[in-house]
> 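Sharing a structure, written as structure tokens. Questions coming.
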Amino acid sequence: MGLVEKRKRFYQIRGTCKIIVRYHAYADHPERNFSELELKNLVKNSMGRVTDNTSPEAIPESFLYLPKDDDERECKLVILLKEIEIEDEKGTTTKETIIVCSAWREV
């Protein structure tokens, strides 16, 4: 999926889909002062740009979401869009999920 499709899909599903925040995004760098809840709110409610993740260590198929926090500091969130299979009593269903892999901001 190209960046245009990722951007469109991200904005379509972010308000209603499941959002998973990896532990690394908020706990491995406490100096960045992120909480799991803040990262979920940034994904769901903030305005920001979507751009390619050009880092040499980039997670395949990831992209950057660049919103501003409540203090107007730019944040860089590494995002993955995934379809996760969920098994329940009715069988297996597929649910689109946004995964926040990493987060950075100047403090």
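All values derive from a computational prediction rather than experimental measurement.
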> Would a single hydrophobic cluster contain both Ile98 and Leu3, if residues Ile, Leu, Val, Met, Phe, Trp and Tyr are joined by side-chain heavy-atom contacts under 4.5 Å?
yes
> What is the distance from atom CG of Leu64 to atom OG1 of Thr54, rounded to the nearest 0.5 Å?
7.0 Å
> Drop me the distance from Tyr26's OH to Asn33's CG, to the nearest 0.5 angstrom.
15.0 Å
> Group every Ile, Leu, Val, Met, Phe, Trp and Tyr by side-chain heavy-atom contacts under 4.5 Å, then state whether Val43 and Val78 land in the same group.
no
> Under the 6.0 Å and 45° cation-pi test, does Arg105 pair with Phe34?
yes
> Show your reasoning for whether salt bridge (Lys or Arg N to Asp or Glu O under 4.0 Å) applies to Glu74 and Arg49.
CA-CA 10 Å; Glu74 185 175 74; Arg49 296 181 298 123; 3.6 Å; yes
> Establish whether Leu39 and Tyr11 are linked, either directly or via other cluster members, by ILVMFWY side-chain heavy-atom contacts under 4.5 Å.
yes
> Evaluate whether atom CG of Asn45 has more than 12 neighbouring non-hydrogen atoms of other residues, nucleotides or ligands under 6.0 angstrom away.
yes
> Could you point out which residue of Gln12, Lys82, Arg14, Arg9 forms a side-chain hydrogen bond (donor to acceptor under 3.5 Å, both in side chains) with Glu96?
Arg9
> Decide yes or no for Glu61 and Lys6: does some side-chain heavy atom of the first lie under 4.5 Å from some side-chain heavy atom of the second?
yes
> Does one hydrophobic cluster hold both Leu81 and Ile20, with members joined at side-chain heavy-atom distances below 4.5 Å?
no
> Can you tell me if Tyr23 has over 12 outside heavy atoms packed within less than 6.0 Å of its OH?
no
